[in-house]
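To start, the structure under review is shown below, and the notes come after it.
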Protein chains: 2
Amino acid sequence: MTGIPSRAGIAPAEGLRERKRRETRQRIAEVALRLFLTDGYDGTTLDAIAAAAGISRRTFFSYFKSKDDIILFGLDADSAMLIADLLKTSPDVAPLDAVRDVMVKRIASYTTEQMIAVDNLMMSSESLLARKQTRYAEQEQLLFNALCEVWRQPERRAALRMVAMVSIGAMRVALAGWREQTGQRKPAAKFLRDAFDSLRTEL
Amino acid sequence: MTGIPSRAGIAPAEGLRERKRRETRQRIAEVALRLFLTDGYDGTTLDAIAAAAGISRRTFFSYFKSKDDIILFGLDADSAMLIADLLKTSPDVAPLDAVRDVMVKRIASYTTEQMIAVDNLMMSSESLLARKQTRYAEQEQLLFNALCEVWRQPERRAALRMVAMVSIGAMRVALAGWREQTGQRKPAAKFLRDAFDSLRTEL
DNA sequence: AATAATATTGCACTTAGTGCAAATAAACAA
DNA sequence: TTGTTTATTTGCACTAAGTGCAATATTATT
């Protein structure tokens, strides 16, 4: 029993431990990304990352479970926002349109350089490329779960699974097309809209 | 100058070298798969595989470029057949219908036990799961190329990209649904047809 | 049989990742 | 402050995948 310091229960008033942990994790990610961009992914060892972040090699693994995981740092927040947006939509609109609108809105908020840099990095390593694909699969699953929350009729589940698959796929194809264009004029949002339009055309 | 042995040029009359190489590769794959099923993927070392196949550990890498690659052995032949079938279809039918029909036809020819065994294996290891996803991405690309061969109008390329994406996606979702069903009564082909039907419904 | 081309092997090496136990630092109670 | 509990950091030894290289063995060629 003994009093909880000041504020009760919720928001446990981040102590020194939590803060340092958060900062260290952030520092590792920043330092690693910088090294990746200069020396390449495969050319950067965990020893180098640990040294640059001021920790031991062993400690790295208490922050990230693998070298690959560094790249995924921060990306979860993005898809969480997308899901949050989607959960706010009305069940009256068509699921595919809802997802498209939410995606288009989100994609416009990204900075171009960051996206290209991270994407190029991912293309440079086999294991990162593989990791990227599994991430799409995970996102598809999350999206499907969210869709089921909004459109709750059980008889539509099979269709919603297809909507999730098609949406993540359209996003993937759109981003690939956007990345491959020479000169980078058109915004990613346009590629995304075109991809969803193409779906209707041929199907 | 100097006669080509007996038959000219084409089909260079497989010599001892080629035959042994083919046999060794086959033997490694068989032996490895057997070990994977008994000891698990991560529980099977390359040393064990090499020993069981009667080669040195170093030699393994002249047959497969990684441990993961063993699983993919033989799968290429399957997708090659699918592509070959597709290339025979007429440009008059709708691309998506053509792909669906070819897939349904192909999937019926698989033996159930094999599929389940390999699939369970893939689920058991992170790196194999990642590999499976990249394989889907590769198949999507191959399928897109084939579609462009049959339906040659440049203005339809964007749509064909979507058809490829959607088709591989439908197959992926169908196989996942088929695998997860308890009791394994319905054939995979039915799941595949339902998946393609669901596409039309919600889109 | 001699020679050229290719395959196999052993060896040393790098790197990612894990288990464990000792040392260190933060949180908490008196 | 001091002592105690609890979480974190670290070093060390280890496993296993994968690579480079040079020596050896095998197959092909003339």
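We use all heavy atoms of the structure for the numbers below, so side chains are in, but hydrogens, waters and symmetry mates are not. Below, read A as the first sequence line, B as the second, and so on, with proteins coming before strands; counting in each chain starts at 1.
In this structure, B/K67 is positioned above the aromatic face of B/Y41, its NZ or CZ under 6.0 Å from the six-membered ring centre and within 45° of the axis. By the 6.0 Å and 45° rule, A/R25 does not stack over the aromatic ring of A/F73.
Using a 4.5 Å heavy-atom threshold, the side chains of B/V163 and B/W151 count as separate. Side-chain contact between B/D97 and B/R100 is present, with at least one heavy-atom pair separated by less than 4.5 Å. For the pair B/L147/B/V99, a side-chain contact is recorded, criterion being any heavy-atom separation below 4.5 Å from C-beta on. Between A/N145 and A/Q141, the closest side-chain pair of non-hydrogen atoms falls below 4.5 Å.
Look at CZ on B/F60: it is 11 Å from P on D/dT19, rounded to the nearest Å. At whole-Å resolution of the value, CG in B/L46 and C1' in D/dT15 are 12 Å apart. Rounded to a whole Å, the CD atom of A/E18 is 13 Å from the C1' atom of D/dT6. The nearest whole Å value for the distance from the CZ atom in A/R25 to the P atom in D/dT8 is 13 Å. Distance, A/F61 CZ to D/dG11 P: 14 Å, rounded to whole Å. Atoms CG (A/D42) and P (D/dG18) sit 13 Å apart, rounded to a whole Å. As rounded to whole Å, 14 Å separates atom C1' of C/dA16 from atom CG of A/L128. Remark: P of D/dA17 and NZ of A/K67 are 18 Å apart, rounded to the nearest angstrom.
Applying the 4.0 Å criterion to OP1 and OP2 of D/dT27, one finds that B/K20 has a side-chain N or O inside that range.
One axis for each end of the helix from C/dA1-D/dT30 to C/dA30-D/dT1, each built from five base pairs, and the angle between them comes to 10° at 10° resolution.
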Sugar-phosphate or base contact per nucleotide [nucleotides 1-9 of chain C; S, B, -; heavy atom under 4.0 Å]: ----BB-SB
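Using a 4.0 Å heavy-atom criterion, one finds that A/T44 contacts the sugar-phosphate atoms exclusively.
Ionic pairing of B/R131 and A/E126 is not present here: no N-O contact between side-chain nitrogen and carboxylate oxygen is shorter than 4.0 angstrom. Between B/R106 and B/D78 there is no salt bridge, since no side-chain N of the basic residue sits under 4.0 Å from a carboxylate O of the acidic one.
With hydrogens and angles disregarded, a donor-acceptor distance shorter than 3.5 Å links the side chain of A/R27 to the backbone of A/A53.
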